[in-house]
Visitor: 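This is the structure, below, for whatever I ask next.
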Amino acid sequence: MTETTPTAPLPEVARRQRWMGILARTPLARLEETFAALPEAPAFTHLRRPEIGSALVRGRAGGSGERFNLGEMTVTRCSVRLSASGAIGHAYVAGRARRHAELAAVFDALLQTPGHHDRLCAALTDPAAEAIAAARAETVARTAATRVDFFTMVRGED
Amino acid sequence: MYVAVKGGERAIDNAHRLLAEERRGDRAVPALSLTQIKEQMTLAVDRVMTEGSLYDRDLAALAIKQARGDLVEAIFLLRAYRTTLPRLAVSEPVDTARMTIRRRVSATFKDLPGGQVLGPTFDYTHRLMDFKLAAEADDDAEPCERGEPRQDETVPRVADLLGEEGLIEPEVPRDGDTAEPGDITREPLEFPADRSTRLQSLARGDEGYLLGLAYSTQRGYGRNHPFAGEIRMGDVAVEIVPEELGFAVEIGDITVTECQMINQFKGSKAAPPQFTRGYGLTFGQGERKAMAMALVDRSLRAEELGEDLTAPAQDAEFVLSHCDNVEASGFVQHLKLPHYVDFQGELVTVRALRREHERKEATDAAE
């Protein structure tokens, strides 16, 4: 896999990146709940059955220098095609999570389908994004309570 | 040399059963759940993930349970599992400047943009035994307050601040960032090893070993005058670019600890006096390891920076060939496997040498 140069992605790509990032971080129970609440269970076929593997995680020397391999992490991927619209959904999800990857792929496909997009944003991705942001805000607030202002003591030597 | 032996199947089988019983311990005591290990032995989980070179909290917890808390054994288990996984993706380099910070301290600047936050640290604890934890209830600790976050969401790295004045060597990708980093999981370690390969080896390296080497540089064996420029710990997003998509997607967040060591450098004919850098990065919260790694990374740059090579921590072949605890443990511990044939050979040799020695002594005495 090659490094991409950071260029501003197209708006539709940016939107898809956003929801794929949210789906990867949404708890499985939440995905199952939303899936069960769909007015009609969407028929789909697997282009790639859920598969567990690893992703090589890279860092940079000094944070900004040359790339190096820090280690690996588990990741699960899945690709589906919706029978109704033919829309293709992909998912790559951290951890060993076959069902999570499958549902994330289905939702990725549904979110590309005009008839489903707005409803799923309201029912799933927007509230999930809020939950992720709230958890992050809680981490930040707890950490902020440990903010420290060091001051050096005057040693009175002169 | 180890020669394969046969026999002992029943003894081995029973030894494994005995091991399982001992691992479980007193059955009157409830069994440890993986969730308990994951939630309450977090730093053990972090170490096993870092040195096991696989970020997966559930698997690390399982390995710790299975290994009876022997972390090097747990690391071995995780490494062995890792080899069974197909590699599906390679991540973009994690961007630690965009970390959701849970700890950030600097020993070089007291006032720095973004400020200092202590986070969950053992620092400033008195290292007194807390006998309250020995009591049954462990849920009545005073809750941490909630603070007011500052507006500056991105927290610049300290080294980048010094870099603006040119006082520290820049860390920028070389050759247009095209060179593939070395990967010791695919290619065996060879010397001289480039920095990417060294950093990967150190990241997987044994914490105790690197800590000892780092300490040796502080005590004068290849001194390089370090300051902990910055230590930060927190969560970063992991991005991959799947071929079928052609754009980056985030697969989740991981916790990492980063240490930027700032070291003195007098300068050379080619470079003006400026600070140099050592770098440490670990999975999870691994501050001691990240600091040790940064010190050793810097000392392994001695040759590149034209410094005298006098100490073990400056010798890449010595440091990197021995830092992997799975390899080291395997080779040291293989000594306990049957070496009967080998040893019989040695016995014959020693006996022959002794006979020779006695005959010589007898001859010398007679003369």
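Chain letters run A, B, ... following the sequence lines, proteins first, then strands; residues in each count from 1.
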Visitor: Pick from A/A61, A/A94, A/A24: which one has the most heavy-atom pairs with chain B under 4.5 Å?
Guide: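 Heavy-atom pairs under 4.5 Å are most numerous for A/A61.
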Visitor: Which of the residues A/R18, A/R25, A/M20 is involved in the greatest number of heavy-atom pairs with chain B at under 4.5 angstrom?
Guide: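 That would be A/R25.
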Visitor: Using heavy-atom distances under 4.5 Å, tell me whether B/T178 contacts chain A through its side chain, its backbone, both, or neither.
Guide: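 Just the backbone, heavy atoms under 4.5 Å.
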Visitor: Is it the case that over 12 heavy atoms from other parts of the model lie below 6.0 angstrom from the CZ atom of A/R98?
Guide: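 At most 12 heavy atoms, drawn from other residues, nucleotides or ligands, come within 6.0 Å of this atom.
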Visitor: Under 4.5 Å between any side-chain heavy atoms of B/R103 and A/T143, yes or no?
Guide: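 With C-beta onward as the side chain, the pair stays apart.
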Visitor: Counting heavy-atom pairs under 4.5 Å to chain B, which of A/A104, A/S54, A/G53, A/A55 comes out on top?
Guide: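 Top count of heavy-atom pairs under 4.5 Å with chain B: A/S54.
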Visitor: So what's closer than 4.5 Å to chain A heavy atoms on B/R102: side chain, backbone, both or neither?
Guide: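 For B/R102, backbone and side chain are both near chain A.
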Visitor: Tell me, for B/Y81 versus chain A, whether the close heavy atoms (under 4.5 Å) come from the side chain, the backbone, both or neither.
Guide: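 Side chain only.
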Visitor: Using modelled atom types and a 3.5 Å cut-off, is there a donor and acceptor pairing between side-chain atoms of B/T96 and backbone atoms of A/G63?
Guide: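 Such a contact is absent between B/T96 side chain and A/G63 backbone.
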Visitor: Kindly determine whether A/I52 and B/L85 satisfy side chain to side chain contact (heavy atoms under 4.5 Å, CB included), including the steps that lead there.
Guide: CA-CA 7 Å; A/I52 293 171; B/L85 294 172; 4.0 Å; yes
Visitor: Using every non-hydrogen atom in the two residues, find where A/Q17 and B/A248 come nearest and quote the distance to one decimal.
Guide: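 Heavy-atom minimum between the residues: NE2-O, 2.7 Å.
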Visitor: How long is the gap from CG on B/D175 to CD on A/E66, to the nearest 0.5 Å?
Guide: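 Nearest 0.5 Å value for the CG-CD distance: 9.0 Å.
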Visitor: Under a 4.5 Å heavy-atom cut-off, does chain A meet the side chain of B/V238, its backbone, both or neither?
Guide: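 Only the side chain of B/V238 comes within 4.5 Å of chain A.
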Visitor: What residue in B/D253, B/L202, B/D183 has the most heavy-atom pairs under 4.5 Å with chain A?
Guide: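 Greatest number of close heavy-atom pairs with chain A: B/D253.
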Visitor: If the contact rule is any heavy atom under 4.5 Å from chain B, which residues of residues 119-138 of chain A qualify, in numerical order?
Guide: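 Hits under 4.5 Å: A/R136, A/E138.
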Visitor: Given the rule in the side chain to side chain contact (heavy atoms under 4.5 Å, CB included) test, do A/H90 and B/E244 qualify, once you have shown the distances and angles that lead to the verdict?
Guide: CA-CA 9 Å; A/H90 298 292; B/E244 63 271 30; 3.6 Å; yes
Visitor: Sort B/E145 into side chain, backbone, both or neither according to what part of it lies under 4.5 angstrom from a heavy atom of chain A.
Guide: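 For B/E145, backbone and side chain are both near chain A.
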Visitor: Can you tell me how far apart CG (A/L70) and CZ (B/R204) are? Round to the nearest 0.5 Å.
Guide: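 Reported to 0.5 Å precision, the distance equals 10.5 Å.
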Visitor: So for B/D160, is it side chain, backbone, both, or neither that comes closer than 4.5 Å to the heavy atoms of chain A?
Guide: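 When you check distances to chain A, only side chain atoms of B/D160 fall under 4.5 Å.
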Visitor: For the residue pair A/V140 and B/P149, what are the closest heavy atoms and their distance?
Guide: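 That closest heavy-atom pairing would be CG1-CB, 3.4 Å.
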Visitor: With respect to chain A, which residue among B/M49, B/R57, B/R195 yields the maximal number of heavy-atom pairs within a distance under 4.5 Å?
Guide: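 If we count pairs closer than 4.5 Å to chain A, B/R195 comes out on top.
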Visitor: Please examine the side chains of B/R87 and A/L56, heavy atoms only from C-beta on, and report whether any two atoms are closer than 4.5 Å.
Guide: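 Yes, at least one pair of side-chain atoms sits under 4.5 Å.
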Visitor: With a 4.5 angstrom heavy-atom cut-off, is it the side chain or the backbone of B/A237 that approaches chain A, or both, or neither?
Guide: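 Looking at B/A237, backbone and side chain both touch chain A.
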Visitor: Flag the pair B/F247 / A/R16 as yes when at least one side-chain heavy-atom distance between them is below 4.5 Å, and no otherwise.
Guide: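 When only atoms from C-beta onward are counted, A/R16 and B/F247 do touch, with a gap below 4.5 Å.
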Visitor: Any chance CZ of A/R48 has more than 12 other-residue heavy atoms, nucleotides or ligands included, within less than 6.0 Å?
Guide: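 Correct, the count exceeds 12.
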Visitor: Quick check: does any side chain N or O of B/Q260 sit under 3.5 Å from a backbone N or O of A/G62, one acting as donor and the other as acceptor?
Guide: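 Yes, B/Q260 side chain to A/G62 backbone: donor-acceptor pair under 3.5 Å.
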Visitor: For the interface with chain A, which of B/A203, B/G147, B/C259 has the highest count of heavy-atom pairs at distances below 4.5 Å?
Guide: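 Top option by heavy-atom pairs under 4.5 Å: B/G147.
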Visitor: Quick one: of A/G65, A/A145, A/A91, A/G71, who has the most non-hydrogen atom pairs under 4.5 Å with chain B?
Guide: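 The answer is A/G65.
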Visitor: Quick check for you: among B/I184, B/T282, B/T100, which has the greatest number of heavy-atom pairs under 4.5 Å with chain A?
Guide: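 Result: the option with the highest number of such pairs is B/T100.
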Visitor: Quick check for you: among B/R277, B/R82, B/R104, B/E239, which has the greatest number of heavy-atom pairs under 4.5 Å with chain A?
Guide: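 Counting heavy-atom pairs under 4.5 Å, the top option is B/R82.
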Visitor: Given that the side chain runs from C-beta out, which part of A/R142 has a heavy atom under 4.5 Å from chain B: side chain, backbone, both or neither?
Guide: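 For A/R142, backbone and side chain are both near chain B.
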Visitor: Around B/E304, counting heavy atoms of other residues, nucleotides and ligands shown, do more than 12 lie under 6.0 Å from its CD?
Guide: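 Count over threshold, so yes.
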Visitor: Looking at every heavy atom in both B/P173 and A/S64, which two are closest together, and how far apart are they?
Guide: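 Closest approach of B/P173 to A/S64, heavy atoms only: CD-O, 3.4 Å.
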Visitor: Please say whether more than 12 non-hydrogen atoms of neighbouring residues, nucleotides or ligands are located less than 6.0 Å from CZ in A/F44.
Guide: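 It does: A/F44 CZ has more than 12 such atoms within range.
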Visitor: Might you point out which heavy atoms bring B/D56 and A/G95 nearest each other, and give the distance in Å?
Guide: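 Shortest heavy-atom separation between B/D56 and A/G95 comes out as OD2-CA, 4.5 Å.
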Visitor: Would you check if B/I251 and A/M73 make a side-chain contact, meaning some heavy-atom pair closer than 4.5 Å?
Guide: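 In contact.
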Visitor: Testing the basics here: between A/R67 and B/S196, what is the closest heavy-atom pair and its distance to 0.1 Å?
Guide: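 The answer is O-CB, 3.3 Å.
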Visitor: Please assess B/L199 against A/R60 for the test side chain to side chain contact (heavy atoms under 4.5 Å, CB included), listing each intermediate value before the final yes or no.
Guide: CA-CA 9 Å; B/L199 286 169; A/R60 286 190 182 279; over 6 Å; no
Visitor: Applying side chain to side chain contact (heavy atoms under 4.5 Å, CB included), run through B/Y55 and A/E72 and close with a yes or a no.
Guide: CA-CA 6 Å; B/Y55 196 103; A/E72 287 169 81; over 6 Å; no
Visitor: Does B/R174 have more than 12 heavy atoms from other residues, nucleotides or ligands lying within 6.0 Å of its CZ?
Guide: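 Counting other residues, nucleotides and ligands, CZ of B/R174 stays at 12 neighbours or fewer.
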Visitor: For B/L281 versus A/F68, what's the shortest heavy-atom pair and its separation?
Guide: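 The answer is CD2-CZ, 3.9 Å.
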Visitor: Can you say whether A/R96 sits under 4.5 Å from chain B via the side chain, the backbone, both, or neither, judging by heavy atoms?
Guide: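 The answer is both parts of A/R96.
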Visitor: Less than 4.5 Å to any heavy atom of chain B: does that hold for the side chain of A/T74, its backbone, both, or neither?
Guide: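 When you check distances to chain B, atoms from both the backbone and side chain of A/T74 fall under 4.5 Å.
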